[in-house]
2 protein chains.
Amino acid sequence: MNATQQVSRPTTDPPIDCAEFSAVLERLLSAWRRLAVPGELSPTAAFTLSRLARDGSSRLTDLANSEHVTQPAMTQLISRLEAQGLAERFRDADDARVVNVRVTAAGETLVASRRAARAAKATELLAALPAAQQAALAMALPALEALAEVSAR
Amino acid sequence: MNATQQVSRPTTDPPIDCAEFSAVLERLLSAWRRLAVPGELSPTAAFTLSRLARDGSSRLTDLANSEHVTQPAMTQLISRLEAQGLAERFRDADDARVVNVRVTAAGETLVASRRAARAAKATELLAALPAAQQAALAMALPALEALAEVSAR
DNA sequence: TATTGTTATACTCTATAACTATA
DNA sequence: TATAGTTATAGAGTATAACAATA
């Protein structure tokens with residue numbers, strides 16, 4: 001039967017154990033959750049604000065979809081962020097039904113400080129790894145970036 | 001002053017941009033969070049159950065600490081998992097105050113099916129990357145694993 | 001007296017359903 | 001009539017404080 005011979009996949013034999021990769025990512029996510037800056041922001045709020053800071057303003061509905069929460073939940077989340085002075089609504093010029101959201105200066109400051117805090121933790125954790133593993137991560141950085149990109153849909 | 005010469009770090013010059021790495025990881029985790037298997041389990045419940053399945057039984061207090069929730073919150077979470085037949089309490093032989101928790105067979109089944117679902121998603125997403133990037137991720141897998149390990153404290 | 005866990009209570013966040021305004 | 005968003009209400013999950021049992 002020649003089952004040992006890969007059939008019609010020239011060079012694309014699975015070079016990576018997807019289940020293993022998925023499991024590792026889950027553990028990383030679990031760990032990340034724990035070193036999240038406590039207090040101030042809920043996970044969804046943090047990701048939403050971070051996204052607004054990264055990608056610019058966005059429609060309320062789009063935010064709801066991309067964070068996988070309902071429209072009413074996002075309405076309330078944005079209201080909370082607005083009350084905290086971290087984000088603000090503005091009407092759409094073309095369609096009066098639409099509500100756009102953008103981060104405020106205070107929001108950007110907060111996002112930046114949270115990022116800095118996480119980067120500091122990351123520095124500390126990465127320093128605990130042997131140089132070879134650090135190098136492997138450095139080499140995989142573009143791939144991780146690409147994966148985040150394709151996963152963001 | 002010779003500031004350009006690294007002082008006492010022979011070969012461990014930062015081989016990786018920690019801020020960049022942290023930012024990418026944040027995006028990746030944000031995306032990963034959304035493709036979590038929906039419904040049934042809260043994030044904390046899922047992580048707790050997954051941990052029990054991976055590392056074996058654990059004290060209630062340790063679970064609370066490792067998931068960064070309070071003891072009462074973990075008490076209730078375990079009660080919920082117990083009511084769903086996914087985990088169970090058992091008393092400690094040495095110390096009658098202690099409550100240990102373990103996953104049930106049903107719990108293991110659920111964890112396994114969730115893992116499989118995520119692995120399937122991972123397979124799909126990874127397949128969208130060029131072979132070179134897949135290879136880079138495969139090479140970085142042990143390092144990611146080690147990072148998850150050191151982050152778990 | 002300290003530690004382990006539970007119960008009581010209140011608050012935050014989210015979902016579903018019903019509603020308003022605009023297209 | 002469909003779409004964008006809000007309001008109303010209820011439920012899940014968590015925290016703080018007070019408590020019970022054991023060490």
Side-chain angles (χ1 to χ4, degrees), chain A residues 29-30 32-52 57-102 107 110, chain B residues 30 33-52 57-102 107 110:
Chain A
L29 180 56
S30 170
W32 183 91
R33 253 165 59 93
R34 292 183 296 227
L35 56 79
V37 186
E40 337 161 65
L41 255 42
S42 76
T44 306
F47 281 120
T48 301
L49 204 58
S50 180
R51 186 205 140 138
L52 285 173
S57 68
S58 176
R59 290 180 39 164
L60 195 141
T61 298
D62 292 340
L63 290 175
N65 290 336
S66 77
E67 292 302 325
H68 279 203
V69 296
T70 61
Q71 212 174 46
M74 188 51 71
T75 289
Q76 293 177 48
L77 170 52
I78 297 304
S79 297
R80 263 176 275 141
L81 290 176
E82 211 165 23
Q84 295 176 276
L86 301 172
E88 58 191 4
R89 290 172 163 91
F90 63 101
R91 283 287 174 185
D92 195 285
D94 299 335
D95 188 336
R97 297 171 303 180
V98 168
V99 167
N100 287 298
V101 184
R102 70 177 152 234
L110 179 58
Chain B
S30 171
R33 204 171 81 99
R34 293 182 296 226
L35 56 81
V37 185
E40 333 161 70
L41 253 43
S42 75
T44 306
F47 283 121
T48 300
L49 204 58
S50 178
R51 186 204 140 140
L52 286 173
S57 68
S58 176
R59 291 181 38 167
L60 194 141
T61 298
D62 293 339
L63 290 175
N65 290 337
S66 77
E67 292 302 325
H68 276 203
V69 296
T70 61
Q71 214 173 45
M74 187 52 71
T75 289
Q76 293 177 49
L77 169 53
I78 297 303
S79 297
R80 262 176 275 142
L81 291 176
E82 210 165 24
Q84 293 175 275
L86 301 173
E88 59 191 4
R89 289 172 163 90
F90 62 102
R91 282 288 174 184
D92 195 284
D94 298 334
D95 189 334
R97 295 171 304 179
V98 168
V99 166
N100 287 298
V101 184
R102 68 178 153 233
L110 180 57

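Worth saying up front: this structure is predicted, and the values here are computed from it rather than measured.
Remark: A:Gln76 CD to A:Glu82 CD distance equals 13.5 Å, nearest 0.5 Å. Atom CZ of A:Arg89 and atom CG of A:Asn100 lie 11.5 Å apart (nearest 0.5 Å). Rounding to the nearest 0.5 Å gives a distance of 7.0 Å between CG of B:Asp95 and CZ of B:Arg59. Remark: B:Ser42 OG to B:Arg80 CZ distance equals 6.0 Å, nearest 0.5 Å.
Atom CZ of B:Arg80 is separated from atom C1' of D:dG11 by 12 Å (rounded to the nearest Å). Whole-Å rounding puts the A:Arg59 CZ to C:dT22 P distance at 16 Å. If you take CG of A:Leu41 and P of D:dT14, they are 18 Å apart, rounded to a whole angstrom. Following rounding to the nearest Å, B:Phe47 (CZ) and D:dG13 (P) show an atom-to-atom distance of 15 Å. As a whole-Å value, the separation of B:Asn100 CG from D:dT22 P is 16 Å. For the pair B:Gln71 CD and C:dT3 C1', the computed distance is 9 Å after rounding to whole Å. At whole-Å resolution of the value, CD in A:Glu67 and C1' in C:dT14 are 14 Å apart. Rounded to a whole Å, the CG atom of B:Leu60 is 12 Å from the P atom of C:dT7.
When heavy atoms are screened at a 4.0 angstrom cut-off, B:Thr44 is found touching the sugar-phosphate backbone but no base atom. Among the atoms of the strands shown, only primed sugar atoms or phosphate atoms (P, OP1, OP2) are found under 4.0 Å from some heavy atom of B:Arg89.
For the pair B:Arg97 and C:dT6, the criterion of a side-chain N or O lying under 4.0 Å from OP1 or OP2 is not met. Note on A:Thr70: every side-chain N or O is 4.0 Å or more away from OP1 and OP2 of C:dT14. Within the structure, a side-chain polar atom (N or O) of A:Thr75 is placed less than 4.0 Å from OP1 or OP2 of D:dT6.
Out of D:dA4, D:dG13, D:dA15, the shortest distance to the side chain of A:Val98 is found at D:dA4. Of all nucleotides listed (D:dA15, C:dA15, D:dA17), D:dA17 comes nearest to the side chain of B:Pro72.
Contact of the A:Leu41 side chain with the A:Leu110 side chain is registered, since non-hydrogen atoms from C-beta on lie closer than 4.5 Å.
Both B:Val99 and A:Asp95 lie close to DNA chain C; mapped to their nearest nucleotides by heavy-atom distance, the more 5′-ward contact belongs to B:Val99.
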